[in-house]
Amino acid sequence: MIKHVLTITLNPTVDKSCEAEGIKPEKKVRCSQPKYEPGGGGINVSRGLARLGVSSTALFTSGGRTGELLEKLLQKEKIAIQPIAVSAGTRENFIVVDTTSNDQYRFGMPGEEITREEAEKIHTEILNTSPFPEIVVISGSLPPGIEPSFLSSLIKELKAKNARVIADTSGDALTEIMKEGVFLLKPNLGELSRLTGKEELDNESADEAAKQLIDEGKAEIVVVSMGPQGAYLVTKDETLHVPAPSVKKLSTVGAGDSMVAGMVSVLAKDGSMIEMARMGVACGSAATMSKGTGLFTKENAERLYQWLSR
């Protein structure tokens with residue numbers, strides 16, 4: 001039986017993307033018709049899981065006209081949603097690709113402030129989710145008004161209910177999460193360096209730094225994302241390197257979220273650690289083959305997974 005997955009996105013977005021030819025300062029730039037897509041860490045994980053045939057529930061804050069649009073976009077993709085109404089309007093991000101160079105310009109908005117009362121409501125609704133999830137993915141940034149300590153308190157209660165927590169965030173939120181510890185952590189080399197206090201990590205030292213986190217009880221599994229060099233899977237008993245396949249890169253938007261989706265799809269089916277890592281790298285690499293904010297296609301992900309499994 002496939003385990004029930006809940007993804008949590010506290011600072012979701014609608015990604016608005018378009019193309020333009022020859023972006024220059026002071027010049028009026030004529031853009032293509034914009035494309036609107038759901039965005040935010042956990043939401044993208046749910047979208048990726050749907051592509052892999054694994055259902056999940058996407059829990060997120062929703063406010064204003066953009067929040068309504070976000071809900072409609074997710075329903076169109078047949079994602080089960082659990083929106084939590086807030087007074088703050090859901091933010092938009094803006095992505096423009098210069099077709100003359102394929103350079104991508106990404107403009108991220110901060111989001112509006114969440115009130116203390118709304119934060120308490122979010123906390124309560126997560127813990128009262130029914131059926132209660134066996135896997136919880138916390139991914140993305142925190143909106144103004146929600147303190148990083150919100151996450152450590154939430155994770156403590158999720159773990160008390162026997163949920164496996166997977167975290168993919170950064171900055172103060174990531175530091176706070178580590179105080180409580182999670183089942184699986186997906187840092188990049190820079191984040192791993194900050195968490196362990198070790199400067200200038202490389203491929204050879206990354207596994208040692210990851211083992212330090214495991215020994216300190218901050219994670220049971222650490223998957224270190226290394227971009228075009230693949231990933232290191234580190235557990236208490238083993239270290240495995242999964243190389244990234246060579247692909248034609250069109251965009252890096254959503255590659256990290258796609259990697260998490262790939263790993264969760266295997267965990268939800270009780271697959272092995274090496275299968276989990278390979279599917280994560282396959283989905284992350286496949287996402288770079290898609291334009292704009294398109295995440296990955298199932299066909300590309302499965303083809304790359306088969307290549308990694310040879």
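Numbers for residues simply follow the sequence, beginning at 1.
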Any chance you could measure [X], atom [atom1], to [Y], atom [atom2], to the nearest 0.5 Å?
| X | Y | atom1 | atom2 | value |
| --- | --- | --- | --- | --- |
| Asn188 | Lys186 | CG | NZ | 6.5 Å |
| His123 | Ile84 | NE2 | CD1 | 11.5 Å |
| Arg91 | Asp15 | CZ | CG | 8.0 Å |

Charged N-O contact under 4.0 Å between [X] and [Y]:
| X | Y | result |
| --- | --- | --- |
| Arg47 | Glu77 | yes |
| Asp215 | Lys236 | no |
| Arg65 | Glu68 | no |

| said: Less than 6.0 angstrom from the centroid, inside 45 degrees of the normal: does Arg164 satisfy that with respect to the ring of Phe183? | reply: yes

| said: Does Lys16 qualify as a cation-pi partner of Tyr36, given the criterion of NZ or CZ under 6.0 Å from the six-membered ring centre and within 45 degrees of its axis? | reply: no

| Parallel, tilted or perpendicular: ring planes of His241 versus Tyr232, cut at 30 and 60 degrees | tilted

Taking side chain as C-beta onward, heavy atoms only, is [X] less than 4.5 Å from [Y]?
| X | Y | result |
| --- | --- | --- |
| Val54 | Ile2 | yes |
| Gln104 | Val96 | no |
| Val281 | Tyr305 | no |
| Leu59 | Leu6 | yes |
| Phe60 | Leu74 | yes |
| Glu191 | Leu185 | no |
| Met289 | Lys249 | no |
| Asp270 | Lys3 | yes |

For [X] and [Y], indicate whether the former's side chain and the latter's backbone hold a donor-acceptor pair under 3.5 Å.
| X | Y | result |
| --- | --- | --- |
| Ser153 | Ser149 | no |
| Glu118 | Thr115 | yes |
| Thr57 | Ile81 | no |
| Thr90 | Gly63 | yes |
| Ser193 | Leu189 | no |

| query | Hey, which of Leu151, Leu158, Ile155, Val165 is the one that makes side-chain contact (heavy atoms from CB on, under 4.5 Å) with Glu180? | reply | Ile155

| request: Check the pair Thr100 / Asp98 against side chain to side chain donor-acceptor pair (under 3.5 Å), numbers first and verdict last. | output: CA-CA 6 Å; Thr100 61; Asp98 189 335; 2.6 Å; yes

| said: Ser152 vs Glu176, test: side chain to side chain donor-acceptor pair (under 3.5 Å). Steps then yes/no. | reply: CA-CA 6 Å; Ser152 55; Glu176 190 68 29; 2.9 Å; yes

| query | Mind checking what makes side-chain hydrogen bond (donor to acceptor under 3.5 Å, both in side chains) contact with Thr61, not counting sequence neighbours? | reply | none

| request: Any chance you could lay out the side chain to side chain donor-acceptor pair (under 3.5 Å) test for Thr297 and Asn300, step after step, and finish with the verdict? | output: CA-CA 5 Å; Thr297 65; Asn300 283 338; 3.2 Å; yes

| task | Dump the intermediate steps for side chain to side chain donor-acceptor pair (under 3.5 Å) on Ser46 and Ser56, then the final yes or no. | result | CA-CA 6 Å; Ser46 281; Ser56 66; 2.9 Å; yes

